[in-house]
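Residue numbers start from 1 in every chain, and the chains themselves are labelled A, B, ... in the order their sequence lines are given, proteins ahead of strands. Quick caveat, the model's predicted, so the values are computed rather than measured. Note: hydrogens, waters and symmetry copies are ignored here, and every other heavy atom, side chains too, is used.
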Protein chains: 2
Amino acid sequence: MSASMESSMFTPHKYFLAHISLDCVVFGFHENQLKVLLAKLKGRDEWGLPGGFVGIQETAEYAASRVLKERTGLDQVFLQQFYVFSDPDRGEQLKEVESLKAISGSAIDIEWFKQRFISIGFYALVEFSQVEPTPDVISDACQWWDLAEVSKLMLDHNLILQKALETLRLQLNYQPIGYNLLPATFTMPELQRLYEAILGKQLDRRNFHRKITGYGILKKLNERRTGVAHKAPDLYSFDLDKYHQALKEGLQGGW
Amino acid sequence: MSASMESSMFTPHKYFLAHISLDCVVFGFHENQLKVLLAKLKGRDEWGLPGGFVGIQETAEYAASRVLKERTGLDQVFLQQFYVFSDPDRGEQLKEVESLKAISGSAIDIEWFKQRFISIGFYALVEFSQVEPTPDVISDACQWWDLAEVSKLMLDHNLILQKALETLRLQLNYQPIGYNLLPATFTMPELQRLYEAILGKQLDRRNFHRKITGYGILKKLNERRTGVAHKAPDLYSFDLDKYHQALKEGLQGGW
DNA sequence: CTACATTGCGTTACACTAACACAATGATAC
DNA sequence: GTATCATTGTGTTAGTGTAACGCAATGTAG
């Protein structure tokens, strides 16, 4: 829903494939917490995942990256589809006339939202500090939420979020998850907190250090993080070549 | 495409969601080889995956199980969606008028096949001996293929098959793959051949035995397989409770 | 009844994991 | 300036799991 489309009545059926939508679970990491980007639809109390539709000549992946560009300002976002949500009743709430009134002023074809949608779930990993959360024309808010503080979301979005998190855990040894969630340089404790947040359990500091350095995917920089309390920790960055090489076979061993 | 719909001109758009299709990669295991079920469309030389469309009140999963019931005769098939294929050009071949002529006699609305489809990929695990491969109204053959002997398939079906196989490998420790591909009772060498076929590499016989029994998911029966050459191997069956219990955490350790 | 490929069980060296110890560091409090 | 103290970097050890191999038992084929 780019700016050029807002000038006249917007007719989604001319631009998007019917029945197909996508929802993005955008993960960030900040202050040792996993965050997720949520938006609030106009006229509704519940929050929901940023979503959109697939253009008639787009791949689903391209559509998702387009949506994320609009919501985050980011261009090259790490994206993975993880599940298709196709319960025929998953859109019931949305069809209620009441809940659509608020967006009718947006010059959006309400009929479009009444059809049945099968939604492709994507998860995205972004560097928290690079994101500028931006609402779209049918939302009046868009912001980060602490994963632990997310309550009832619209439609089946809690389910989608849960499934995304499960996928993230399972793919931790197969996808460059650390690389995409952390800034270019980071400390060992920060990397460990990220792993702990994703896995939902504590890890032994010393064993974590040995194991992660054993993969040979990190470069230790000749720098420390100063200005922070206590002993200054070493700074690291990922060795991208070796990281991707190692991920092909999967990082060995469980957490 | 049940029998009742064949009596008059079949109008898919009244029964199925537009733009959405599904393709099933049906795996079987026979004579120590992984097999895949393929169908040949009328009037085309290439083979392809069994597929179908999603009814206007069906989940994608239900639609896939309906398709599989028709192709295999089986009712309760183990099914997992694994990827969505949404390249806007993935259906180009199919739109050629020539390739649609042959099925036009089937009283099927050719226009239906000219639209763009986003396809949901499912993989299915079935017990080879229980399957009765059955062509549908637009196919003139349906049969098992040895995985190694599959050549160029229609559309992007080679890609779908490859992605299914990758998924199968990654999920070997998280899904009841052995249980669904093997008959109720089996020998240790048979189970090992299955693992080897999926992983694409040889495993040490003795270490495999120790590891797989160590999970506690097998029940050793008081029976041996006789009539076959050489020493009679013990028969096993899965302990379903313990199998599912162990899969929740994932079978530990790599192959 | 002998040969032999295959099965079942065992052994050993090595790598990895879990659990814990200890000294070094650097901002903070006084 | 200096003592405090949470935190970091590195090390140790016992236990567990893995890889690579040995050997006797078995059941069909010849």
Trainee: Can you label the angle between the A:Trp255 ring and the A:Phe208 ring as parallel, tilted or perpendicular, going by 30° and 60°?
Mentor: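 The arrangement is tilted - the two ring planes meet at 30° to 60°.
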Trainee: Donor-acceptor pair, B:Arg90 side chain versus B:Leu155 backbone, under 3.5 Å?
Mentor: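 Not confirmed, B:Arg90 side chain does not pair with B:Leu155 backbone.
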Trainee: Under 4.5 Å between any side-chain heavy atoms of B:Thr134 and B:Cys142, yes or no?
Mentor: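 When only atoms from C-beta onward are counted, B:Cys142 and B:Thr134 do not touch, as no gap falls below 4.5 Å.
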Trainee: Send over the distance from A:Leu203 CG to C:dC16 C1', rounded to a whole Å.
Mentor: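 Checked: the CG to C1' distance equals 16 Å.
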Trainee: Please classify the nucleic acid contact of B:Gly227 as base, sugar-phosphate, or nothing, using heavy-atom distances under 4.0 Å.
Mentor: sugar-phosphate
Trainee: Can you find a heavy atom in the side chain of A:Val25 that is under 4.5 Å from one in the side chain of A:Val36?
Mentor: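 SC-SC contact between A:Val25 and A:Val36 confirmed.
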Trainee: Any non-hydrogen side-chain atom of A:Ile217 less than 4.5 Å from a side-chain atom of A:Leu247?
Mentor: no
Trainee: Could you tell me how far apart A:Phe208 (CZ) and C:dC20 (C1') are, to the nearest whole angstrom?
Mentor: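 Value for this atom pair: 19 Å.
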Trainee: What is the per-nucleotide protein-contact pattern of nucleotides 7-13 of chain D, from the 5' end, where B denotes a base atom under 4.0 Å from a protein heavy atom, S denotes such proximity for sugar-phosphate atoms only, and - denotes neither?
Mentor: BBBBBB-
Trainee: Stepwise, does the salt bridge (Lys or Arg N to Asp or Glu O under 4.0 Å) test hold for A:Glu190 with A:Arg193?
Mentor: CA-CA 5 Å; A:Glu190 284 165 0; A:Arg193 301 291 167 261; over 6 Å; no
Trainee: More than 12 non-hydrogen atoms from neighbouring residues, nucleotides or ligands closer than 6.0 Å to OH on B:Tyr236, yes or no?
Mentor: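 Atom OH in B:Tyr236 is crowded, with more than 12 foreign heavy atoms closer than 6.0 Å.
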Trainee: In whole Å, what is the span from the CD1 atom of B:Ile212 to the P atom of D:dT18?
Mentor: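 It works out to 12 Å between those atoms.
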Trainee: Please list, pair by pair, any protein nitrogen or oxygen found under 3.5 Å from a nitrogen or oxygen in nucleotides 14-16 of chain D.
Mentor:
none

Trainee: Output yes when at least one side-chain N/O atom of B:Lys211 is less than 4.0 Å from OP1 or OP2 of D:dT18, else no.
Mentor: yes
Trainee: When you look at NZ of B:Lys152, are more than 12 heavy atoms from neighbouring residues, nucleotides or ligands closer to it than 6.0 Å?
Mentor: yes
Trainee: Looking at A:Phe82, I'd like to know if its CZ atom is crowded, meaning that more than 12 non-hydrogen atoms belonging to other residues, nucleotides or ligands lie closer than 6.0 Å.
Mentor: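 Result for CZ/A:Phe82: enclosed.
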Trainee: Does the plane of the ring in A:Phe128 sit parallel, tilted or perpendicular to the ring in A:Trp144? Use 30° and 60° as the thresholds.
Mentor: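 Because their plane-to-plane angle lies in the 30° to 60° range, the rings of A:Phe128 and A:Trp144 count as tilted.
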Trainee: Considering only heavy atoms, which members of residues 242-255 of chain B lie under 4.0 Å from some atom of DNA chain C?
Mentor: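 Going residue by residue through residues 242-255 of chain B, none turns out to have a heavy atom under 4.0 Å of DNA chain C.
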Trainee: With distance as the sole criterion, is a donor-acceptor pair present between the side chains of A:Gln175 and A:Tyr123 under 3.5 Å?
Mentor: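 Judged by distance alone, the side chains do not pair up.
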Trainee: Calculate the interatomic distance between B:Arg225 atom CZ and D:dT28 atom P; express it in whole Å.
Mentor: 13 Å
